[in-house]
Amino acid sequence: MPPPLPEVPSAPSAPVKLTMEAAREPFHKAGTKGTPVTVGSNHIPICCKNEAVYQYHVTFSPNVESMAMRFGMMKDHRSTTGEVVAFDGSILYLPVKLKDVESWAQLVVSLKSVRRTDNQEVEITVQMTKILPPSSDLCLPFYNVVLRRVMKILGLKLVGRNHYDPDSAIILGKHRLQVWPGYATCIKRTDGGLYLSVDVTHKVLRNDSVLDVMKVLHEQSKVSFQDECTKELIGSIVITRYNNRTYRIDDIEWSKSPKDTFTMFDGSETSFVDYYSKNYGIEIKEMDQPLLIHRPKERSKPGGKIITGQVLLVPELSFMTGIPEKMRKDFRAMKDLTMHINVSAEQHTHSIKQLLKNIAGNAETLTELNRWGLDISTDLLVTQGRILPQETICLQSSSYVTTSDVSWSREVGRDACISCIPMNIWAVFYPRRCADQVEELVSTFLKVAGPMGLRLERPNRVELRDDRTETYVKTIHSQLSREPNMQLVVCIMTGNRDDLYTAIKKLCCIKSPIPSQAINVRTISQPQKLRSVAQKILLQINSKLGGELWTVNVPLKHLMVVGVDVHHDTSKKSRSVMGFVASVNSSLTRWYSRVTFQTPNEEIISGFKLCLSAALQKYYEVNHNLPEKIVVYRDGVSDGQLKMVELYEIPQLLTCFQAFPSYEPKLVFIVVQKRISTTLYSCSADRFGTPPPGTILDHSLTHSDWMDFYLMAHQIRQGCGLPTHYVCVYNTANLSPDHLQRLTYKMCHLYWNWPGTIRVPAPCKYAHKVAYLCGQYLHAEPAIQLSDKLYFL
């Protein structure tokens, strides 16, 4: 039983004056470097017409346990509170001052109600506790409830958290898919005030029901049918079209069918067949299908009641969502789909303006918004951003300033890398039918290696009698046993062979540690592209062997830059894997990587501390001193976890330095957020386009609680400008906003798999790559001997 709510003290005898809570001054977080540029965003300013929102504390005497009763009793007094209320059982918010609160001395209103179960009279005390500015964070939840009502009035259907328009569905008959256009909306408060954020989103639904998928699996493998269904379906998200709800399939109940019965809320028994017929007018055709199980996450209702249990679904009425795995590997099919999903900046803004027009043109939606005094603008936010200065890319003996498309693929193919590892002893393993392609590839390698500064001997060519996984593994193993000084293993593979790729990587990353390169024969089968492909492969191989490709000039001395990312292990659903990568030299061209696995009960920080200590030791080995400044880029942290990182993760991390005598480096901790709904556009004469790389916005849309900024580092080739959000949670190095922004942009130039800028700092991308390799394929920690090489590229 939940504890009784604390009694509110009776009205004070001396007059008490409540004043409106003052809004906090925002941090100074604006940089100055770069050229000004006009940018737009998918945020619409909201004006609050109300002067304030009034918060009251409500107590019931004697105490009323039932939430439903509390709501009912408050509803009886709408004549006092007015029609517009937000009440959660103990806190009441009103857009107006209660009629009876005439003077400031009179902050308490007493109301009377009768408990209908036993006719007991209940006194309700309503005491004003706060006067909030209408843009207060406490008001946002009920503004968003109003917004959901507005979307419903406009005829949009709520699926998950977003609203979609099934009537405007795009049918892709050839791929048995349909795409529902929709919006992800929310009202939020930023440094610039109150905004409506609108993102254009799409729901991909399949025309196949789960039953259709089961039938196909049954045709393919009658013997192991149940196992195949479990493998294919568990974890998938399905939608039930009769109520547009989505569910995750957690299990399959093979012993039940639609003929089985279940207990309704009123205690009566009914079969699934009768239930759907009576409530939705749906006739179930297949009577022998099993049922799907969805187990909702435990959640608590107001009042502390925990909701658990499971939901049973009928496969025939559950439709698959998302892009089928087979389709993901089909380039042409994906091209058809992304054409509809990756909308341009112009289409994006057109859809948002259409929504605003629909809201402004509907009397019912305007009434709903007016109840809380909300006035949504009809124009998108347009403000001033900056484009950061272009960086200089440094190779061994040449350097050049990047152009507007931030790509230097031509230059890296013709100039020598910073350092190259000579490839003296290496081997290529390939099945017999790929012999011609291998001959072409090796001769192209020898032609293009010279200008890039690479010294290359001819490889040991090992022809395999077949392309079975076992043949590859045994042959590579025996070759490594025969040649202990082997530097590199290159495997030519046919088709999409995850099993083969996994086996090769497990052998070369864990059992017999050696850098390895897997190449799909399709990649090297087009003669006109072979030169370019060979250059890219050689650059990747040089990185894997410990070579250094290019860098940028970073003025901060004695600096270590760290990237951290988390990936979920596919073999054990509950386990996650943390990738950690740190720079160990002053030019940021040598990297040290580690991986740790943890179960849900384990804190990520224990592995994090272990990795950082090892990286500091490695830095000392290389430089004979320790770094004075450490900048950590931490990926995979949501807004809700920022406080936890600040109050728990960082203090724990600081204890690492105690292992080194009298060592107190300056630490900067930056959270990197990619999954955000903010979109940026370039603006010129009312036309919206894609902003250029280096575009930064550090005001208006930034967090009022943190030092943060939005940076678009990469070139957008398709779709909208999705920036990355950087939140500086800790900064004892006292780096200025300009320093933080410039350093972050520089880091986005250092990912050696791509001669151009990427969306996140290179150490984050490296951390993601190593975590993905271990979580997806290895399912174990790689050999420590490889930790100073980028073997995971």
A.B. asks: Taking the side chain as every heavy atom from C-beta outward, state whether L507 and S516 have any pair of such atoms under 4.5 Å apart.
C.D. replies: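 They are not in contact (no side-chain heavy atoms under 4.5 Å apart), so the answer is no.
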
A.B. asks: Is D565 close to Y766 at the side-chain level, that is, under 4.5 Å between some pair of heavy atoms?
C.D. replies: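 The answer is no; the side chains never approach within 4.5 Å.
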
A.B. asks: Would you mind reporting whether Q289 and I284 have side-chain heavy atoms less than 4.5 Å apart?
C.D. replies: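 In contact.
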
A.B. asks: Do K203 and T246 have side chains that approach each other closer than 4.5 Å (heavy atoms only, starting at C-beta)?
C.D. replies: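 In short, these two side chains touch, coming nearer than 4.5 Å.
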
A.B. asks: For a side chain to side chain contact (heavy atoms under 4.5 Å, CB included) check, start with the C-alpha distance between D250 and Q310, then their side-chain angles and the critical distance, and finish with the verdict.
C.D. replies: CA-CA 10 Å; D250 293 315; Q310 59 184 29; over 6 Å; no

A.B. asks: Is the ring centre of Y501 less than 6.0 Å from the ring centre of Y777?
C.D. replies: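 Yes.
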
A.B. asks: To check you understand the geometry: which heavy-atom pair defines the closest contact between I249 and L233, and what is its length?
C.D. replies: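 Heavy atoms only, the tightest pair is CB-O, 3.7 Å.
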
A.B. asks: Run Q641 and S638 through side chain to side chain donor-acceptor pair (under 3.5 Å) and show every step you take.
C.D. replies: CA-CA 5 Å; Q641 297 168 312; S638 65; 3.3 Å; yes

A.B. asks: So, the side chain of H294 versus the backbone of R248: is there a donor-acceptor pair under 3.5 Å, distance only?
C.D. replies: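 Checked: pair present.
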
A.B. asks: Over 60° means perpendicular and under 30° means parallel, so classify the ring planes of F272 and F262, tilted if in between.
C.D. replies: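 Rings of F262 and F272: tilted, as their planes differ by 30° to 60°.
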
A.B. asks: Measure the CD1-CG distance between I153 and L366 for me, rounded to the nearest 0.5 Å.
C.D. replies: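 So the gap between those two atoms works out to 9.5 Å.
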
A.B. asks: Would one find more than 12 heavy atoms of other residues, nucleotides or ligands at under 6.0 Å from atom CZ of R295?
C.D. replies: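 Yes, enclosed.
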
A.B. asks: Would V273 and M287 satisfy side chain to side chain contact (heavy atoms under 4.5 Å, CB included), going step by step from the backbone distance to the final call?
C.D. replies: CA-CA 9 Å; V273 175; M287 291 299 165; 3.7 Å; yes

A.B. asks: Quick check on side chain to side chain contact (heavy atoms under 4.5 Å, CB included): which of L156, L196, I44 does T185 satisfy it with?
C.D. replies: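 It is L196, the one option of L156, L196, I44 that forms the side chain to side chain contact (heavy atoms under 4.5 Å, CB included) with T185.
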
A.B. asks: Kindly indicate whether the side chain of E781, heavy atoms from C-beta on, has any atom under 4.5 Å from the side chain of C774.
C.D. replies: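 Side-chain contact under 4.5 Å: no.
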
A.B. asks: Can you give me the closest heavy-atom contact between V564 and F580, atom names plus distance?
C.D. replies: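 For V564 and F580, the tightest heavy-atom pair comes out as CG2-CD1, 4.0 Å.
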
A.B. asks: Check S351 against Y183 and note the closest heavy-atom contact, atom names and distance.
C.D. replies: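 Heavy-atom minimum between the residues: O-OH, 2.9 Å.
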
A.B. asks: Could you tell me whether a side-chain N or O of E253 sits under 3.5 Å from a main-chain N or O of I293, the two making a donor and an acceptor?
C.D. replies: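 Pair absent, no side-chain N/O of E253 close to backbone of I293.
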
A.B. asks: What pairs of donor and acceptor atoms, side-chain ones from residues 211-224 against any protein atom, are under 3.5 angstrom apart with sequence neighbours left out?
C.D. replies:
residue: D212; atom: OD2; partner: S209; partner atom: N; Å: 3.0
residue: D212; atom: OD2; partner: S209; partner atom: OG; Å: 3.3
residue: S221; atom: OG; partner: L217; partner atom: O; Å: 3.4

A.B. asks: Please walk me through it: do R634 and F608 pass side chain to side chain contact (heavy atoms under 4.5 Å, CB included)?
C.D. replies: CA-CA 11 Å; R634 166 90 153 86; F608 200 156; 4.1 Å; yes

A.B. asks: Going through the checks in order, is the side chain to side chain contact (heavy atoms under 4.5 Å, CB included) test met by N144 and L147?
C.D. replies: CA-CA 5 Å; N144 279 303; L147 183 61; 3.9 Å; yes

A.B. asks: What's the spacing between K188 NZ and Y195 OH if we round to 0.5 Å?
C.D. replies: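 It is 10.5 Å, given to the nearest 0.5 Å.
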
A.B. asks: Say you draw a straight line from CG of N243 to CG of L158; how long is it, rounded to the nearest 0.5 Å?
C.D. replies: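 Reported to 0.5 Å precision, the distance equals 11.0 Å.
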
A.B. asks: Checking the side chain of R70 only, and the main-chain atoms of G89 only, is there a donor and an acceptor separated by less than 3.5 Å?
C.D. replies: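 Confirmed, R70 side chain pairs with G89 backbone.
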
A.B. asks: Around atom NE2 of H340, are there more than 12 heavy atoms from other residues, nucleotides or ligands closer than 6.0 Å?
C.D. replies: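 Buried by this count: over 12 neighbours within 6.0 Å.
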
A.B. asks: Would you mind checking if R468 and D466 are paired as a salt bridge, meaning a charged N to carboxylate O distance below 4.0 Å?
C.D. replies: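 Here D466 pairs with R468 in a salt bridge, since their nearest N and O are under 4.0 Å apart.
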
A.B. asks: For the side chain of Q347 and the backbone of S344, is there at least one donor-acceptor N/O pair under 3.5 Å apart?
C.D. replies: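 Checked: pair present.
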
A.B. asks: Would you call the rings of Y164 and W180 parallel, tilted or perpendicular, taking 30° and 60° as the class edges?
C.D. replies: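 It falls in the tilted class, 30° to 60°.
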
A.B. asks: Using atom types as modelled and distance alone, determine if a side-chain donor or acceptor of Q673 lies under 3.5 Å from a backbone N or O of V637.
C.D. replies: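 Flag set: sc Q673 to bb V637 pair under 3.5 Å.
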
A.B. asks: Measuring from R432:CZ to R465:CZ, what's the distance to the nearest 0.5 Å?
C.D. replies: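 Rounded to the nearest 0.5 Å, the CZ-CZ separation comes out at 10.0 Å.
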
A.B. asks: Is the shortest heavy-atom distance from the side chain of V566 to the side chain of D635 under 4.5 Å?
C.D. replies: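 SC-SC contact between V566 and D635 ruled out.
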
A.B. asks: Heavy atoms only: give me the nearest T321-V238 pair and the separation to one decimal.
C.D. replies: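 For T321 and V238, the tightest heavy-atom pair comes out as CG2-C, 4.1 Å.
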
A.B. asks: Return the minimal non-hydrogen interatomic distance between P315 and L291, and the atom names on each side.
C.D. replies: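 Distance-wise, the nearest heavy atoms are CD-CA, 4.2 Å.
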
A.B. asks: If you round to the nearest 0.5 Å, how far is NZ of K506 from CG of L778?
C.D. replies: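 If I round to the nearest 0.5 Å, the distance is 7.5 Å.
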
A.B. asks: Near R241 CZ, under 6.0 Å, is it more than 12 heavy atoms from other residues, nucleotides or ligands?
C.D. replies: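 For R241, atom CZ is crowded (more than 12 foreign heavy atoms under 6.0 Å).
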
A.B. asks: Between the main-chain N or O of R245 and the side-chain N or O of T240, is there a donor-acceptor pair closer than 3.5 Å?
C.D. replies: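 Present.
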
A.B. asks: Indicate the atoms forming the closest heavy-atom contact of D260 with S255, along with that distance.
C.D. replies: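 Closest heavy-atom pair between D260 and S255: OD1-O, 4.4 Å.
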
A.B. asks: Give a yes or no on whether the backbone of D467 and the side-chain of T471 come within a donor-acceptor separation of less than 3.5 Å.
C.D. replies: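 No.
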
A.B. asks: Check whether T338 reaches the backbone of I341 with its side chain - one donor and one acceptor, N or O, closer than 3.5 Å.
C.D. replies: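 Between the backbone of I341 and the side chain of T338 there is no qualifying donor-acceptor contact (under 3.5 Å).
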
A.B. asks: Can you find a heavy atom in the side chain of N520 that is under 4.5 Å from one in the side chain of R497?
C.D. replies: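 The answer is no; the side chains never approach within 4.5 Å.
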
A.B. asks: Between E364 and T367, do the side chains contain a donor N or O and an acceptor N or O under 3.5 Å apart?
C.D. replies: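 Looking only at side-chain atoms, E364 and T367 do not form any donor-acceptor pair under 3.5 Å.
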
A.B. asks: Just by distance, do the side chain of T724 and the backbone of R759 share a donor-acceptor pair under 3.5 Å?
C.D. replies: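 The answer is yes, because a donor-acceptor pair under 3.5 Å joins these two groups.
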
A.B. asks: Are any non-hydrogen side-chain atoms of I492 and Q437 less than 4.5 angstrom apart?
C.D. replies: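 The answer is no; the side chains never approach within 4.5 Å.
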
A.B. asks: Look only at the side chain of N42 and the backbone of T679, and say whether a donor-acceptor pair between them is shorter than 3.5 Å.
C.D. replies: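 Yes: the side chain of N42 pairs with the backbone of T679.
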
A.B. asks: Rounded to the nearest 0.5 Å, what separates atom CG in D274 from atom OG1 in T261?
C.D. replies: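 The distance works out to 10.0 Å.
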
A.B. asks: Below 30° counts as parallel, above 60° as perpendicular, anything between as tilted: where do the rings of Y242 and Y280 land?
C.D. replies: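 Because their plane-to-plane angle lies in the 30° to 60° range, the rings of Y242 and Y280 count as tilted.
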
